[in-house]
Amino acid sequence: MKNIVIPKPNNESLISQLGSLYNVFKGVNFGEKLEFDLSLLNWVIPLLVLPISAYINETQSKFKIDKCSIKGYLEKISFPNGVSSISSFQRQIQKYKTFIPISVLKKEEKVGRERLESILEEKIYETLGNVSGARSAVWYSISELITNIFEHSKKDSGFIFVQLYPQKGYLDICIVDCGRGFAKTYEEEKGLKLSDEDAISEVMKGNSVKKDTDRGYGVRTSKDVVCKALKGGGFILISGSCALVSIGEREKLASLPNFYWQGVIIAYRIPKPTGSVDYLRYVI
Amino acid sequence: METNKNQNSTTIKVSELLAPIINSRDVVDVLEDKIKKTDTESVVLDFSNVKFISRSAAHALALLKERIESRASNRKSLSFINANNDVIEMLRIVAANKIYPKNKKPEFNPEKIDISSLLKEVAA
């Protein structure tokens with residue numbers, strides 16, 4: 001079994017965390033069993049810790065946290081298994097107050113999943129403060145990105161993890177699935193053979209694999225709500241061997257050689273809103 | 001109580017049947033099953049205590065309304081009450097797009113880069 005030592009991220013920026021994630025999974029054949037060694041870490045953000053959790057759950061890989069200085073934190077967020085029921089979510093929240101655990105959303109438990117997601121979203125709202133439009137803007141992005149997992153990934157579960165940084169004044173959210181990824185979805189649903197880069201481009205142009213009209217807006221509008229309506233947020237989307245990096249108005253498609261994530265990883269940062277947020281103009 | 005029936009109408013409390021935030025497209029299936037089991041010609045969806053509905057769920061709800069109201073047999077009328085402004089706005093956006101869809105596709109012209117160059121840019 002390959003041993004992967006998780007390197008300490010250089011800094012707290014989303015792009016730097018993308019670099020750390022890239023280094024963790026570079027050279028990995030997705031699905032192989034690994035042993036993750038978290039001993040070097042003294043802090044993490046969702047973009048690094050959630051994909052590792054999802055991978056451990058997906059492949060029954062092993063992990064070492066005994067000598068890790070953030071062992072207590074990792075236990076508080078229920079790393080790596082997460083919680084999948086309302087009762088366990090509430091128990092964790094009561095016990096650890098400000099730490100929101102990793103949540104595992106199950107496809108077949110429609111109403112249970114919806115209620116767990118609601119509680120999670122309410123908890124996020126508590127941390128944001130009462131700013132007009134902010135609540136719905138944040139809920140919009142989460143709901144559209146999670147519903148996408150169950151619409152397209154062909155996977156029975158999805159992962160979400162949220163971390164608030166009150167001192168730094170922002171919120172990091174990460175949503176992960178280990179499903180098909182965009183390129184395979186286009187191939188299986190529409191017979192299109194696209195590179196990961198082209199598949200991400202099709203998603204961002206709103207070209208849905210579904211036949212209904214008025215589909216294919218979820219990812220693009222969520223990205224716009226995060227980057228434009230919530231002013232200053234950053235948005236990263238990884239599928240296969242490519243990453244879309246949107247910071248403000250700037251967008252880059254980065255190739256990730258020797259890296260492959262089977263599924264989709266979305267991570268974004270939302271600065272704590274200070275003025276009213278008009279998200280609806282980006283949703284239309 | 002999720003449902004309340006009077007002479008000709010059944011009212012379903014959406015927040016009690018589903019959740020206070022309606023996120024996913026597929027939970028509308030649960031609502032459809034409930035509506036199909038009613039024995040009245042009119043069904044009212046009561047959105048009191050529903051704080052938000054996603055655009056996907058609103059779209060699924062609009063399609064559900066069309067299906068329920070256009071069936072050849074067991075046709076019912078489906079109406080919505082007590083929705084807050086966020087829910088109303090989302091339902092209106094979906095309805096407007098169904099009637100008058102946008103023809104212009106959004107543009108997407110990102111700069112292409114490899115991860116090493118991107119990380120060097122950030123480090124510089």
Side-chain angles (χ1 to χ4, degrees), chain A residues 10-11 13 15-16 18-19 22 26 105 107 110-111 113-119 121-122 125 133 135-136 139-140 142-144 146-148 150-151 197 200-207 212-215 217-218 220-221 224 243-246 250-257 259 280 283-284, chain B residues 2 14-31 33 50-60 62-63 84-87 89-90 92-102 104-123:
Chain A
N10 289 334
N11 61 55
S13 79
I15 295 176
S16 176
L18 170 64
Y22 173 68
K26 191 170 63 176
L105 302 168
K107 182 174 185 172
K110 287 180 187 170
V111 174
R113 182 223 313 154
E114 201 72 356
R115 290 178 181 166
L116 176 58
E117 209 177 321
S118 284
I119 292 172
E121 286 165 320
E122 295 269 21
Y125 174 55
R135 180 180 86 163
S136 297
W139 288 353
Y140 178 84
I142 293 173
S143 61
E144 291 299 335
I146 286 178
T147 203
N148 252 16
F150 300 113
E151 285 284 299
E197 186 180 299
I200 291 176
S201 297
E202 288 301 298
V203 169
M204 301 317 291
K205 288 175 192 166
N207 291 323
D212 295 346
T213 55
D214 198 27
R215 299 287 297 261
Y217 47 77
R220 173 182 57 82
T221 55
D224 284 348
L244 166 67
V245 179
S246 293
R250 297 187 68 195
E251 296 193 308
K252 295 183 183 198
L253 264 180
S255 58
L256 306 171
F259 171 104
L280 283 170
V283 168
I284 293 168
Chain B
E2 289 167 5
V14 177
S15 70
E16 289 178 24
L17 178 66
L18 302 177
I21 301 169
I22 312 298
N23 293 289
S24 302
R25 188 179 286 276
D26 64 354
V27 289
V28 175
D29 300 347
V30 177
L31 210 46
D33 290 344
V50 172
K51 295 173 181 173
F52 181 76
I53 185 167
S54 72
R55 182 168 154 176
S56 293
H59 182 247
L63 296 178
N84 72 18
N85 282 342
D86 279 337
V87 173
E89 284 300 328
M90 200 57 84
R92 284 186 176 153
I93 285 171
V94 166
N97 274 302
K98 280 179 71 63
I99 294 165
Y100 206 138
K102 271 188 173 179
K104 197 179 167 206
K105 287 281 180 189
E107 288 186 4
F108 180 64
N109 299 304
E111 179 191 337
K112 294 184 181 173
I113 194 167
D114 65 82
I115 184 73
S116 308
S117 308
L118 180 67
L119 295 173
K120 275 181 200 155
E121 265 183 27
V122 177

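Note: hydrogens, waters and symmetry copies are ignored here, and every other heavy atom, side chains too, is used. Proteins come first, then strands; the chains are lettered A, B, ... in the order of their sequence lines, and each starts at number 1. All figures in this text were calculated on a predicted structure; none of them were measured in a lab.
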*Measure the shortest side-chain to side-chain distance between B:Pro110 and A:Lys252 over non-hydrogen atoms and say whether it is less than 4.5 angstrom.*
no

*asked:* Are B:Leu17 and A:Val111 packed together at the side-chain level, in the sense that at least one heavy-atom pair is separated by less than 4.5 angstrom?
replied: no

*Any sub-3.5 Å donor-acceptor pair from A:Ser118's side-chain atoms to B:Ala19's backbone N or O?*
no

*Measure distances from A:Ile142 to the heavy atoms of chain B and classify the residue's part below 4.5 Å as side chain, backbone, both or neither.*
neither

*When heavy-atom pairs shorter than 4.5 Å are enumerated against chain B, which of A:Pro257, A:Ala254, A:Ala243 gives the highest number?*
A:Ala254

*Drop me the distance from B:Ile21's CD1 to A:Arg115's CZ, to the nearest 0.5 angstrom.*
13.0 Å

*chain A contacts, top residue of B:Met90, B:Glu121, B:Lys51 (heavy-atom pairs, under 4.5 Å)*: B:Lys51

*Student check: side-chain heavy atoms of B:Asn23 and A:Thr147 closer than 4.5 Å*: no

*Checking heavy atoms, do the side chain of A:Tyr22, its backbone, both or neither come under 4.5 Å from chain B?*
side chain

*Checking heavy atoms, do the side chain of A:Ser201, its backbone, both or neither come under 4.5 Å from chain B?*
both

*Of the backbone (N, CA, C, O) and the side chain (C-beta and beyond), which part of B:Leu18 lies under 4.5 Å from a heavy atom of chain A, both, or neither?*
both

_Let me confirm one number: the CG-CD1 distance from A:Leu253 to B:Ile113, rounded to the nearest 0.5 Å._
10.5 Å

_Before you tell me yes or no, could you show the steps for B:Leu118 and A:Leu18 under side chain to side chain contact (heavy atoms under 4.5 Å, CB included), namely the whole-Å CA-CA distance, both residues' side-chain angles and the distance that decides it to 0.1 Å?_
CA-CA 10 Å; B:Leu118 180 67; A:Leu18 170 64; 4.2 Å; yes

*Atom pair NZ (A:Lys110) and CG (B:Asp29), whose distance is rounded to the nearest 0.5 Å*: 4.0 Å

*Are B:Arg55 and A:Tyr217 in a cation-pi contact, defined as NZ or CZ under 6.0 Å from the six-membered ring centre and within 45° of the axis?*
yes

*Any A:Glu121 side-chain heavy atom under 4.5 Å of B:Phe52 side chain*: no

*Would you sort out whether B:Glu111 and A:Arg250 count as a side chain to side chain contact (heavy atoms under 4.5 Å, CB included), showing the intermediate values?*
CA-CA 8 Å; B:Glu111 179 191 337; A:Arg250 297 187 68 195; 4.1 Å; yes

_Beyond-backbone contact of A:Met204 with B:Pro106, side-chain heavy atoms, under 4.5 angstrom_ = no

*Under 3.5 Å, is there a donor-acceptor pair linking the side chains of A:Ser136 and B:Asp86?*
yes

*Assess whether atom CG of B:Asp33 is packed by more than 12 heavy atoms of other residues, nucleotides or ligands within 6.0 Å.*
yes

_Between A:Glu197 and B:Lys112, does any side-chain N to carboxylate O distance fall below 4.0 Å?_
yes

*Relative to chain B, which segment of A:Glu151 carries a heavy atom at a distance below 4.5 Å: side chain, backbone, both, or neither?*
side chain

_Sub-4.5 Å side-chain heavy-atom contact between B:Leu119 and A:Ile15_ = yes

_Minimum-distance pair of heavy atoms, taken over all atoms of A:Glu117 and B:Ser24_ = OE1-OG, 4.0 Å

*Mind listing the closest non-hydrogen atom pair of A:Lys107 and B:Asp26 along with its distance?*
O-OD2, 4.3 Å

*What's the spacing between B:Arg25 CZ and A:Asn148 CG if we round to 0.5 Å?*
9.0 Å

_Counting C-beta onward and ignoring hydrogens, is there a side-chain heavy-atom pair between B:Val27 and A:Phe150 closer than 4.5 Å?_
no

*Report yes if some heavy atom in the side chain of A:Trp139 is under 4.5 Å from a heavy atom in the side chain of B:Ile53; otherwise report no.*
no

